[in-house]
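Data first, discussion second: the structure below is written as C-alpha cells.
Every chain is numbered from 1 and lettered A, B, ... according to where its sequence line falls, protein lines coming before strand lines.
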Amino acid sequence: MPESAKIGGNLLTWYDAQARVLPWRVPPNSEQRAEPYHVWLSEIMLQQTTVAAVKPYFEAFTRRWPDVAALAAARDEDVLAAWAGLGYYARARNLLKCARVVAQSGFPTDEAGLLALPGIGPYTAAAIAAIAYGVPAVVMDGNIERVMARLFDEREALPAVKPKLKARAAGLTPAKRAGDHAQALMDLGATICIPKAPRCERCPLQAHCVSFKAGVAAELPKRLPKKPKPTRQGVAYFARRADGHVLLETRPPKGLLGGMLGLVGSDWTEETPVFDPPFAAQWQRHTKDITHVFTHFNLNLTLYVAEIKAANPRAGSFMPAPAPSDLPSIMRKAYEAGFLICDIDCGAKLGQYGKNRGPKSG
DNA sequence: CAGTCGTGGAG
DNA sequence: TCTCCAAGACT
C-alpha cells in the first residue's frame, strides 16, 4: 500500500471518530449528502472567518432564508444588515449576485461551473464540489496549506510555495469520500495541526510527518515578513432628531464597508481630517475617540454628536433608528456611543430603535 | 504579484 | 497590550 493511501486511511479513521459537529455539516461516512445551499452559504461565510463567528450567522440566515430561492428574493439591504458584523462585505454582495443566478439554474455540480460564480474562487469551488457532490477536487485552504507544509516539511515561504503544497494535497486526495477527506484535513488543521504549538502527540499522521521527525513542525509554514500597519484618522457625526430619527448613509456599493449603513463623516486618511459637519448645529465632541482595527490599517475615529429639531444634511438622511446590529462593527461602535452621549441607554432597551429593519439581538 | 477588504478570539 | 490570523476573492 502506498504511503499516500496509508495517510488518507489514517485521516478518515480519525475523522470518523473526531469530526466536529457543525450546523452545515452531515456526519462523516453518512448516507445523506449535505445540502448544496448549506455548503455554499457556510463556505462563503467561513472565508477568512472563524467557525465560532460564523455559527450564529449561518443559523440566522438559514432560518430567515431557508433555500437559495428565498435568499435570491430577499432585499439587498436586508441581507447586508443580516451580514453586518461578519466583515468582508463584498461577500454579502456577491452572495446575492450568486443566489440570483443559482435560483434560476441550480448549483453547478462541477468545479469549473462553480468557479464561474460571483464570490466563488478556487478554494470554495473545490470545497463545494467535494463536500456537496463528492467530486475528488483538490481543496486548498489555509489549514490544508499548513498541514501539507508540515507533513512534507516544505520550508519555502508562502505564498511562493503554494503550488508545491497543492501538488502534495493532490497526491493525497482520494477518489472516494473526497468531501470527508477535505473536511478531515481542515478539522485536523483547526484542532491538532494548529498554527502555534501544534498538538503532535494527538495527531493521526504523526508517523508520516516529516517536519515532526525533524522537530520543526511548529515553525511551518514559513511566511514572508508583513508590512507595518498604518494608523488612519477620521471624523464621524452622530445626529439625532427630535422625532428619534438618526442621520445615516448607505455607503457606496464598492470599497470599504461597501453598501453598508454608516455614520456620515470624513474620509479616513493618515492626515488629520478637518471638522466639516453635514449641517450647522451645536456639535459636541465625544471625549473618548473610537478605535478600530482593520486588516491593513488602524483607525482612530473622532465622534461628534448633535441633538436637533430639524436639519437639512448635505450627506446621508434621517431615518428611523436601526438596530445597532444592522451596522458594521466600527459603525456600530460609533452609533452606540452616539446614543450614550445622548444619555439614552440603548444597550438595554431595543425598543428605542425603529422596527423598520427588523432588529436582531445585540 | 501585491494590495484591498473586517472582525474578534487566542495566547 | 500586542501579535497572530481564520474554510479567500477580487483587482
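- The aromatic ring centres of A:F294 and A:H296 sit 6.0 Å or more apart.
- For the C1' atom pair drawn from C:dC5 and B:dC5, the interatomic distance equals 15 Å after rounding to whole Å.
- Within 4.0 Å (heavy atoms only), A:T124 reaches sugar-phosphate atoms of the nucleic acid but no base atom.
- Spacing of C1' atoms, B:dC1 relative to C:dG8, comes out at 16 Å, to the nearest Å.
- For A:Y88, no side-chain nitrogen or oxygen approaches OP1 or OP2 of B:dT4 to under 4.0 Å.
- Rounded to whole Å, the separation between the C1' atoms of C:dC4 and B:dG6 comes to 15 Å.
- Of the candidate nucleotides C:dA6, B:dG6, C:dG8, C:dA6 has the atom nearest to the side chain of A:N143.
- Sequence order on DNA chain B of the closest nucleotides to A:P328 and A:L224 puts A:L224 first from the 5' end.
- Not less than 6.0 angstrom separates the ring centroid of A:F238 from the ring centroid of A:Y304.
- Between the P atom of C:dA6 and the CD1 atom of A:I194 lies a distance of 11 Å, rounded to the nearest Å.
- Among the atoms of the strands shown, base atoms are found under 4.0 Å from some heavy atom of A:V293.
- Separating the NE2 atom of A:H181 from the P atom of C:dA7 is a distance of 16 Å, rounded to the nearest angstrom.
- Mapping A:K227 and A:G85 onto DNA chain B by nearest heavy atom places A:K227 closer to the 5' end of the strand.
- One interatomic measurement links the two molecules: CG of A:N94 to C1' of C:dT11, which rounds to 12 Å at whole-angstrom precision.
- Residue-to-nucleotide contacts include a donor-acceptor pair under 3.5 Å from the side chain of A:T49 to the base of B:dG6.
- Between A:Q48 and C:dG8, a side-chain N or O to OP1/OP2 separation shorter than 4.0 Å is present.
- Under the 6.0 Å cut-off for aromatic ring centres, A:W283 and A:Y237 qualify, their centroids lying closer than that.
- Heavy atoms of A:R93 sit nowhere under 4.0 angstrom from any nucleic acid atom.
- OP1 or OP2 of B:dG3 has not a single side-chain nitrogen or oxygen of A:H296 nearer than 4.0 Å.
- Between A:D153 and A:R168, none of the side-chain N atoms (NZ, or NE/NH1/NH2) sits under 4.0 Å from a carboxylate O, so this pair counts as no salt bridge.
- Whole-Å rounding puts the A:Y123 OH to C:dC10 C1' distance at 18 Å.
- Comparing C:dC10 with B:dG8, their P atoms sit 24 Å apart, to the nearest whole Å.
- Checking A:L115 against A:I131, the closest nucleotide of DNA chain C that is more toward the 5' end is the one next to A:I131.
- One distance of note links CG of A:L158 with CZ of A:R146; it measures 10.5 Å at 0.5 Å rounding.
- Spacing between atom CZ of A:R91 and atom C1' of C:dC10 amounts to 13 Å, rounded to whole angstrom units.
- Atom CH2 in A:W83 sits roughly 12 Å away from atom P in B:dG6 (whole-Å rounding).
- Taking atom P on both nucleotides, C:dA7 is separated from B:dG11 by 14 Å, rounded to a whole Å.
- Residue-level contact check: A:G258 touches neither bases nor backbone, having no heavy atom under 4.0 Å from any strand.
- Between the side chain of A:R20 and the base of C:dA7 there is at least one donor-acceptor pair of N/O atoms closer than 3.5 Å.
- Among the protein residues, A:I144 comes within range of no part of the nucleic acid, since none of its heavy atoms lies under 4.0 Å from any strand.
- The side chain of A:R223 places no N or O atom within less than 4.0 Å of a non-bridging phosphate oxygen (OP1 or OP2) of C:dC4.
- Remark: aromatic rings of A:H181 and A:Y15 are distant, center separation not under 6.0 Å.
- The residue A:V51 sits close to a base: some heavy atom pair falls under 4.0 Å.
- Contacts of A:L257 with the nucleic acid, taken as non-hydrogen atoms under 4.0 Å apart, involve only primed sugar atoms and P, OP1 or OP2.
- Here the side chain of A:Q47 is nearest to one of B:dG3, C:dA7, C:dG8, namely C:dG8.
- A:S329 comes within 4.0 angstrom of sugar-phosphate atoms only, judged by non-hydrogen atoms across all strands, and of no base.
- A sub-4.0 Å separation between OP1 or OP2 of B:dG8 and a side-chain N or O of A:R332 is present.
- With hydrogens and angles ignored, a donor-acceptor pair under 3.5 angstrom links the side chain of A:T295 to the base of B:dG6.
- Taking the six-membered ring for Trp, A:F339 and A:Y335 have ring centres closer than 6.0 Å.
- As judged by a 4.0 angstrom heavy-atom cut-off over every strand, A:L185 is placed among residues making no nucleic acid contact.
- For the atom pair CD of A:E145 and CE of A:M148, the computed distance is 10.5 Å after rounding to the nearest 0.5 Å.
- Using a 4.0 Å cut-off, no side-chain N or O of A:K196 falls inside it from OP1 or OP2 of B:dA10.
- At whole-Å resolution of the value, CD in A:E145 and C1' in C:dA6 are 12 Å apart.
- Rounding to whole angstrom units, CG of residue A:L46 and P of B:dG6 are separated by 17 Å.
- At a threshold of 4.0 angstrom between heavy atoms, the contacts of A:W40 with the nucleic acid are absent.
- Among the nucleotides B:dC5, C:dA7, C:dA9, the one closest to any side-chain atom of A:P122 is C:dA9.
- Distances shown here put a side-chain N or O of A:H292 below 4.0 Å from the OP1 or OP2 atom of B:dT7.
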